[in-house]
2 protein chains.
Amino acid sequence: MTEALENEPVIASTIADTVCSKLQSAIVEGIIPAGSKISEPALANEFGISRGPLREALSRLEACNLIERKPNVGARVVTLTRQHLVEIYLIRESLEGLAARQAAENMSDKDINELDALLEKHQQQIKQDQSYYQKEGDMDFHFRIIKGSKNSHLIDMFSNDLYHLIRLYRYQFGMVSKRVPRAFVEHGQIVDAIRQHDGELAQFLMSRHIRSSRINVEKMLDEHLAITD
Amino acid sequence: MTEALENEPVIASTIADTVCSKLQSAIVEGIIPAGSKISEPALANEFGISRGPLREALSRLEACNLIERKPNVGARVVTLTRQHLVEIYLIRESLEGLAARQAAENMSDKDINELDALLEKHQQQIKQDQSYYQKEGDMDFHFRIIKGSKNSHLIDMFSNDLYHLIRLYRYQFGMVSKRVPRAFVEHGQIVDAIRQHDGELAQFLMSRHIRSSRINVEKMLDEHLAITD
DNA sequence: CATATCATAATTGTCGACAATATAGTGATA
DNA sequence: TATCACTATATTGTCGACAATTATGATATG
């Protein structure tokens, strides 16, 4: 609860901020479909704002890699290709391994207890409804570990860039894997390693966890087995 | 030479683009000192442009982590702390290890030959003038490997973010290490591994190379031995 | 009929002015 | 004297209009 207060010190948000958030959600959830062109006048009209703050929001979306802009031409929503997805997984394999290692070194007992609680909560959710865990819960866990690393630059990289792309992929490809039970077990192993402050082990387990996930995804993509349960 | 043409298809640069580049250089080279406040009217005046494109440039600088912006308050040039520097080194250790691995898998023979040529050139430069190699040459080498990974997202992350921060650190702390000869040897080992397409080895060597560099930097920072040769 | 050229329309980039917010300085009060 | 409140100033955020560039479609020509 202390955290909750610290995380939102003061929210002096500008129009560009709120619009950027809304657009992030809209793109991730596919409301603005992948590959579609973005018209500045149209969007500005829709939000009832001027083009100035909208352009600033677009700048940030470009930094998030959610849109691509060409000078004097315009912006398009990014389309996630298979190759790009693999690239992101490889990066996660590498970076989240580091995050787990630093989390094992830097997380406080309180942090770890909260992580445990999250795991417990996920177990409940899985019994009731796998889909939530698959879409957002898994992300919650991974993000928690990133934050636990206390590596501010690492946290930044995920918050501004990778986080949205991963969510985008989940919505866009929207396939349900049989790995959920297995992934949950692996999450438990990672937390154990962190609790023992075994950085090396945590790194190894996290890297392998994501690698397995990647291989699973590659297989599903190859077999065109999206949405097949 | 094919590459050279492909890399610069057409340069339809906007004002925001060029100003952003100039500001990047100015900040990295310390012309705009670390921690200094950025006044939008003043800067716009200096460049002879309006505040519109300047703000867009500032948005990108924020994405590069070269400045920090607070709503309704303004922008300040980032000041690189010791902790932040260590964070970046840890990230490089992780990411450039991955880059080396993928470079070993994906670099063509032509790419590798060019890498060899670069190494050769560096050897000449070291004999004449260590300082260039220290400041930019080393960066050239590392960036070349990143590009060699053919991992577009990885390349993006470095081009937009880490690259500038690393250069900033070099200028800001501006210390000369005795590791130059050793580092050069390690570069050679890495290229060898890449030539043999031994991804695992390349990854190991690159990670260790950066780790050594980090430890060296930490030691120098602890001893307050900046500028001491 | 296909291609090239040119004029038109639409979109993006840029500018200057106004509104909203934060900072600095002054004066009043405990 | 220190602290608080308030005013004045300066800076940032937002807007609407204009300029520059690109995309579109019609027309002419081989």
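Quick note on labels: first sequence line is chain A, next is B, and so on, each numbered from 1.
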Counting the atoms with a prime plus P, OP1 and OP2 as sugar-phosphate, which does B:L54 contact under 4.0 Å by heavy atoms, base, sugar-phosphate, or nothing? nothing

What residues form a side-chain hydrogen bond (donor to acceptor under 3.5 Å, both in side chains) with B:Q83, not counting sequence neighbours? B:E87

With a non-hydrogen cut-off below 4.0 angstrom, is A:L58 in contact with a base, only sugar-phosphate, or nothing? nothing

Under 4.0 Å between a side-chain N/O of A:K37 and OP1 or OP2 of C:dT12, yes or no? yes

Centroid-centroid under 6.0 Å between A:F143 and A:F158 rings: no

Those residues that, when tested against A:D116, pass side-chain hydrogen bond (donor to acceptor under 3.5 Å, both in side chains) (two or more places apart): A:R195

Give a yes/no verdict on a cation-pi contact between B:R92 and B:Y89, requiring under 6.0 Å between NZ or CZ and the six-membered ring centre and an angle within 45° of the axis. yes

CD1 on A:I91 to CG on A:D161, rounded to 0.5 Å: 8.0 Å

For nucleotides 13-20 of chain D, give me every protein contact, N/O to N/O, under 3.5 Å, one pair per line with atom names.
| residue | atom | partner | partner atom | Å |
| --- | --- | --- | --- | --- |
| D:dG13 | OP1 | B:N72 | N | 3.2 |
| D:dG13 | OP2 | B:R55 | NH1 | 2.4 |
| D:dG13 | OP2 | B:R55 | NH2 | 3.1 |
| D:dG13 | O3' | A:T14 | OG1 | 3.3 |
| D:dG13 | N7 | B:R51 | NH2 | 2.7 |
| D:dG13 | O6 | B:R51 | NH1 | 3.0 |
| D:dT14 | OP1 | A:T14 | OG1 | 2.8 |
| D:dT14 | OP1 | A:I15 | N | 2.6 |
| D:dT14 | OP2 | A:T14 | OG1 | 2.7 |
| D:dC15 | OP2 | A:S50 | N | 2.9 |

